Each structure stands twice: as structure tokens, then as C-alpha cells.
Protein chains: 2
Amino acid sequence: MSLQIKNYKQIISYGISFAFLLALLKWLEIRYIVFQNSFEIYAGAIALIFTVLGIWLALKLAKPTIQTKIIEKEVFINRVDEFKFNRAAADNLGLSDREIEVLQLMANGLSNQEIADKLFISLNTIKTHISRIFEKMNVKRRTQAIELAKNLSIISY
Amino acid sequence: MSLQIKNYKQIISYGISFAFLLALLKWLEIRYIVFQNSFEIYAGAIALIFTVLGIWLALKLAKPTIQTKIIEKEVFINRVDEFKFNRAAADNLGLSDREIEVLQLMANGLSNQEIADKLFISLNTIKTHISRIFEKMNVKRRTQAIELAKNLSIISY
DNA sequence: ATTCCATTCATACTTTAGTATGATTTAAAG
DNA sequence: CTTTAAATCATACTAAAGTATGAATGGAAT
């Protein structure tokens, strides 16, 4: 357990307080004869006062336990700008990489033939991919697939 | 600033330690004559010991000060429903209200038949509207129209 | 009043989209 | 080594989308 020092000004002020207390006790010793008969009372008083002082010092100087609290702040993004691919959603639907690729091109407004040309595969293959996509996404039309995929951030705008 | 007590067994053991220390000092007083000439040294020793004891007590018993550090984590949320209809863009393309209505339903994934049913007009009328929309927007497919319309904020997401 | 335009509808047609089924290849997983 | 899944392709079909053309209506502007 370590005492973390906050700053030297505080240390100095505590030192001064300490010295002052000692002086006060000395003064009391001279002025009154409280302890004339019982040295133990005087020692006890010192013990008590400095125990309290120690407690006070410790509480003042002890390093506070830092508790980190993370607050999630919602930041709304308007479309396109920053697109974060939601892999979880894609995986959840069981969409393959190729299917997502086709989905994106579909959403970009390409016809099946254009997608086929772009990916250097046959029109039939595109149709097969798209049928699988519809099955997995549980939709009936490409427009629905596009709508859903964008909502799930599977494809960008 | 409050001292939080952990349990009474500890308090008792600390009390015993306290008493033992006092006894030890008394014993030292008798055994050696360390303080014979200087009472101040003895008082200082007591002060020091009990300051340390106080500090130790405080650290043991005090409930640690919890300083909460708040970290704001930004959670990005794609899209908001904050949609501002871009009338200028729609007017620029010469799209009529009805056409924009059809466009929106198209983007929502409805088939021509479903749009017709929803608007209580015939499938043929929907086809006519859509052909006009494609002409005005200079596109060939509904997916392209949807893409463009969304980019121009003519329809919402 | 008449022109203009949005809206509606129809028929006939072409093109594209989507379904069903089966098959091959290849790479990863068991 | 064999099973599994992704990716590829084909044929044949149905359904939906999209085009072309023409037309009727009603409201707003000229």
C-alpha cells in the first residue's frame, strides 16, 4: 500500500501542522499541569491526537481507486460516409463472400447480365447465386434483398 | 469523510495492537532511560508511531475513495430516419407526386402488383408510371432508380 | 375554351428476373 | 480419405418487369 504524494505544498502544510501540534502540546505542558500527576494521560493524548492526524493524513493523501466507466455514446451517421461492414449479420444469414459481392453489385443497379460480365462468370451462375441469396435472406425480390442488406449494413450505400 | 468499518473483529485486533504499543512504550520507559533527559524525544516518538498507526488504520479500514473515470465510447449507428426530402432534386427531374410515391414503394421492395394493390390502381398504370420515372431519371432498371433516388434524397431509406 | 399535364387504363409485346433441378470442381474440414 | 460447402455452369421453365402505343379524364393555367 503506497502513499501517493499529491504535491509538495500539501506536504509542507502538513509538516507545519505537525510542528504546530507539538508546540501546542509543549505550551499546554507549561501552562497547565494536566499531566503533572499522570504522564500516561499526556502520552495517551499525544497518541490519540497523532492517530487522528495519521488517519486524516492518510485519507487526504491516499490515492483514490480509479474506476473506469465506459459510456457508449451513440453517433448517428448519415448513410454513405462511413460504412462499417457488419460481418456478424452476414454470417448470421450464412451469406458467402461471393454472394455478398453479387448483392452489392445488385444494389448498385446492375442487371444479372452486367454482374455476370463484371465477374467473368455466366448469367446462370449469377442466377444461382441470387436464388441462394433470396433463400438465405428470406426475400422474394432483389429490391427486398437490397433493402434488407443495406439496413443490416451488409452492403454499402 | 467517513470511516467505513469492515468488521468488529478487526476493530478489536486494532485495539489490542494499540494497547500493546502503549504497554511496549511503558516497558521501554522502565527498561531504558532513553527519554530520561529529553521528554520531547519520547513524545515525538509516540507522535510518529501513532501517526503511522493512524495512517495504517485509515488505509486498512477506510473505504477506498472511488474516482470514476468516464470514457465515452462512440458507437456508430448507420442511417437515421432523419430524412429531408429533396424537393429541388425531384422537381429538377420533373417527377410528379404520384411518381415519387411509386418510387418510394418500389424502393421498399414491393412488386408492381403490390404497389398497384396498395394504391388501388391497375398494374398497367403502375407500369406506365414506372416507365415515366425511368425516362425522367434516365435509368433502365428499378434498382438504378432506387439507387439514384436515395442518393438524391428523393426517397427515404 | 383550349392547351397542358398528371393520372388513369388497356393491349400486345420483349426482356429480364427468378425457380427448379442436376451436375462438376475444388478447397477445407472431419 | 471422405464428407461438406462454395462456386461454377446448364437446361427448361414461369413470373415479373419493362416497352410501345394509344386513349380517356379532370384540373390548372393561358
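In what follows, chains are A, B, ... by sequence order, proteins preceding strands, each numbered from 1. Please read all numbers here as calculations on a predicted model, not as lab measurements.
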Item to complete: Answer yes when A:E99 and A:R132 have at least one side-chain N-carboxylate O distance shorter than 4.0 Å, and no when they do not.
Response: no
Practice prompt. Kindly indicate whether the side chain of B:T128 and the base of C:dC9 share any N or O donor-acceptor pair separated by less than 3.5 Å?
Written response: yes
Discussion item. Check the phosphate of C:dT16 against A:N112, side-chain N and O only, distance under 4.0 Å to OP1 or OP2. Yes or no?
Written reply: no
Worksheet item: D:dA6, C:dC9, C:dA17: which one has an atom nearest the side-chain heavy atoms of B:S122?
Response: C:dC9
Worksheet item: In terms of side-chain heavy atoms of A:H129, which of C:dA10, D:dA10, D:dT8 is nearest?
Response: D:dT8
Worksheet item: For the pair made of CZ in A:F134 and P in D:dA15, what is the distance, rounded to whole Å?
Response: 17 Å
Worksheet item: Taking CZ from A:R141 and P from D:dA17, how many angstroms apart are they, rounded to a whole number?
Response: 6 Å
Practice prompt. Using a heavy-atom cut-off of under 4.0 Å over every strand shown, decide if A:S131 touches base, sugar-phosphate, or nothing.
Written response: base
Worksheet item: With respect to the side chain of A:R98, which nucleotide from D:dT8, D:dA10, C:dA17 is positioned closest?
Response: D:dT8
Practice prompt. Specify the residue among B:D97 and A:Q113 whose closest nucleotide of DNA chain C lies further upstream toward the 5′ end.
Written response: B:D97
Item to complete: Take the protein atom CD1 of B:I121 and the nucleotide atom P of C:dA10, then report the distance between them rounded to whole Å.
Response: 11 Å
Discussion item. What's the separation between atom CG in B:N108 and atom CD1 in B:I155, rounded to the nearest 0.5 Å?
Written reply: 7.5 Å
Worksheet entry | Between C1' of D:dA7 and CD1 of A:I130, the distance in whole Å | 14 Å
Discussion item. Assess whether a salt bridge exists between A:E101 and A:R98, defined as any Lys/Arg side-chain N lying under 4.0 Å from an Asp/Glu carboxylate O.
Written reply: yes
Item to complete: Report which part of the nucleic acid B:T125 touches: base, sugar-phosphate, or nothing (heavy-atom distance under 4.0 Å, all strands).
Response: base
Discussion item. Please classify the nucleic acid contact of A:N124 as base, sugar-phosphate, or nothing, using heavy-atom distances under 4.0 Å.
Written reply: base
Worksheet, complete the sentence: Separation of C:dT7 atom P from B:E135 atom CD, nearest Å, is 15 Å
Discussion item. What is the distance, to the nearest angstrom, from the CG atom on B:L103 to the P atom on C:dT7?
Written reply: 13 Å
Discussion item. The side chain of A:R132 is closest to which nucleotide in this list: C:dA17, D:dT8, D:dA17?
Written reply: D:dT8
Worksheet item: For the pair made of CG in A:L119 and P in D:dA7, what is the distance, rounded to whole Å?
Response: 11 Å
Discussion item. Are more than 12 heavy atoms, taken from residues, nucleotides or ligands other than B:N138, located less than 6.0 Å from that residue's CG atom?
Written reply: no
Worksheet item: Are B:E147 and A:I146 close enough, and set up right, to give a side chain to side chain contact (heavy atoms under 4.5 Å, CB included), and what steps lead you there?
Response: CA-CA 10 Å; B:E147 167 94 338; A:I146 293 165; over 6 Å; no
Worksheet item: Quick one: A:K127 NZ to D:dA7 C1', roughly how many Å, whole number?
Response: 18 Å
